[in-house]
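Below is one structure, written out as structure tokens; the observations come after it.
Because the structure is a prediction, the values reported are computed rather than measured. Both counts, for ligands and for their atoms, begin at 1 and track the order of listing.
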Amino acid sequence: MSRKPFIAGNWKMNLTRAESVALAQGVVNGLGGVSSGVELAICPPFVYLDAVAAVVKGSQVGLGAQNLYFEGNGAFTGEVSAAMLTDIGCRYVIIGHSERRALLGETDSVVFKKTRAALAAGLTPIVCVGETLEQREQGKTSEVVRSQFLGSLGELTAEEAARVVLAYEPVWAIGTGKVATPQQAEEVHADLRQLITSHFGQAIADGMRIQYGGSVKPDNAKELLGQPNIDGALVGGASLKAESFLGIAAAAV
Ligand code: 13P
């Protein structure tokens with residue numbers, strides 16, 4: 001079964017409003033070299049979503065947020081709901097990024113609740129899993145990512161799971177320039193695909209996109225994206241320049 005390649009840019013906590021608008025415009029203007037068969041999203045900080053929404057509207061580039069809160073509304077100071085995100089034009093939301101897991105105390109059960117809330121609002125969640133260097137060196141990669149997957153997504157219904165995008169982001173490869181080799185990444189993606197098959201069944205496993213994230217650049221994208229179980233990329237640093245984000249998108253067929 002063929003899965004539509006999906007390249008998403010996670011801008012993290014970077015850029016000004018003017019820079020965000022200019023970057024989004026640069027991406028939209030440069031889509032000529034990108035196949036229409038590639039799904040694209042950019043995920044700016046919350047406060048610039050509205051400004052970027054106006055730029056990408058009607059283009060191949062979808063809008064995503066980097067987080068949300070699982071409650072619908074109410075006394076949750078500082079939080080942003082799924083309905084607020086759809087209201088300003090978001091189609092995607094990144095959930096459970098390793099930076100949020102490590103620095104902001106996000107647990108698998110919080111990731112599960114956020115994923116449910118995103119799905120209920122009609123958003124496509126991009127749910128992140130990945131091991132630290134220490135865990136990899138201890139030979140625990142499979143155990144860790146399997147446990148994160150089951151804790152974060154295991155209780156979803158099959159209908160819900162069918163709408164999830166998974167992102168495998170080894171923590172040691174994020175922002176370090178140390179990209180996983182295509183073989184290292186493929187091994188984990190294949191393992192996750194097997195887990196999805198045993199947990200949700202063949203059809204869900206065949207359909208679920210699994211992005212790789214961690215130091216993806218235009219010059220390593222082609223080989224990573226060429227692996228049978230790598231269906232896209234979640235791009236940090238290289239998504240902050242239109243040229244490099246578009247270079248990665250162009251490598252996806
Ligand atoms: P880098 O591409 O900067 O390594 O970041 C990856 C990432 O964390 C995307 O979510």
Side-chain angles (χ1 to χ4, degrees), residues 5-15 19-20 23-24 27 38-46 48-49 52 61-68 90-104 106 111 114-115 118 123-133 135-136 141 144-145 148-149 152 164-182 184-185 188-189 192 209-225 227 230-252:
F6 178 27
I7 309 294
N10 175 9
W11 293 3
K12 307 193 180 181
M13 196 173 75
N14 289 299
L15 308 176
E19 286 165 348
S20 297
L23 175 54
V27 170
V38 177
E39 194 168 321
L40 293 174
I42 52 179
C43 307
F46 280 139
Y48 305 136
L49 282 169
V52 169
V61 183
L63 186 68
Q66 299 172 18
N67 181 33
L68 86 177
C90 284
R91 291 214 299 268
Y92 306 93
V93 59
I94 298 168
I95 301 178
H97 192 280
S98 62
E99 287 148 17
R100 298 199 58 82
R101 289 178 184 263
L103 303 171
L104 295 149
E106 209 149 287
V111 174
K114 290 185 172 189
T115 303
L123 290 162
T124 296
I126 301 170
V127 179
C128 306
V129 299
E131 83 289 1
T132 63
L133 183 58
Q135 290 164 335
R136 173 161 285 263
T141 298
V144 168
V145 298
Q148 287 175 333
F149 178 91
S152 304
V164 167
V165 173
L166 189 60
Y168 167 58
E169 297 205 311
V171 175
W172 49 271
I174 296 176
T176 58
K178 276 191 221 158
V179 64
T181 66
Q184 280 175 322
V188 179
H189 283 234
L192 284 166
R209 271 96 54 88
I210 311 179
Q211 296 176 320
Y212 167 78
S215 299
V216 179
K217 305 279 181 283
D219 63 1
N220 60 29
K222 187 110 208 149
E223 214 188 334
L224 286 162
L225 294 168
Q227 302 301 311
I230 300 183
D231 310 309
L234 184 54
V235 186
S239 73
L240 296 175
K241 294 264 184 295
E243 196 185 359
S244 45
F245 184 65
L246 288 164
I248 294 165

Nearest-contact summary for atom 9 (C) of ligand 1 - protein heavy atom, Å: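 Of the protein heavy atoms, Glu169 OE2, 2.8 Å lies nearest.
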Heavy-atom nearest neighbour in the protein, as seen from atom 3 (O) of ligand 1, with distance rounded to 0.1 Å: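 Here the closest protein heavy atom is Gly237 N, 2.8 Å.
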Contact summary for Val144 and Gly130, nearest pair of heavy atoms: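 Nearest heavy atoms, Val144 then Gly130: CG1-O, 4.2 Å.
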Gly214 versus Val179, closest heavy-atom pair with distance: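 Answer, listing the atom of Gly214 first, then Val179: O-CG2, 3.5 Å.
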Residues Thr124 and Arg209: side-chain donor-acceptor under 3.5 angstrom: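 Distance-only check fails for Thr124 and Arg209.
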Polar contact flag, side-chain donor to acceptor under 3.5 angstrom, His97-Gln66: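 Side chains of His97 and Gln66: no pair found under 3.5 Å.
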Any Ser215 heavy atom less than 4.0 Å to ligand 1: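 So Ser215 counts as touching ligand 1.
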Sub-4.0 Å heavy-atom approach of Lys217 to ligand 1: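 In this structure, Lys217 fails to qualify as a contact of ligand 1 - no heavy atom is under 4.0 Å.
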Over 12 non-hydrogen atoms of neighbours within 6.0 angstrom of NZ in Lys241: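 No, not enclosed.
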For [X], atoms of ligand 1 separated by under 4.0 Å from a heavy atom:
X	result
Ala173	4 (O)
Gly214	4 (O), 6 (C)
Asn10	9 (C), 10 (O)

4.5 Å side-chain heavy-atom contact, Asn67 and Phe46: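 Yes, at least one pair of side-chain atoms sits under 4.5 Å.
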Test item: Lys12 and Glu99 side chains (from C-beta on) under 4.5 Å apart, heavy atoms: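 Sidechains of Glu99 and Lys12: in contact.
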Heteroatom proximity flag, Thr176 to ligand 1, N/O under 3.5 Å: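 Such a contact does not occur with ligand 1.
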Options Gly177, Gly175, Gly236, ranked by nearest heavy atom to atom 4 (O) of ligand 1, top entry: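 Closest candidate by heavy-atom distance is Gly175.
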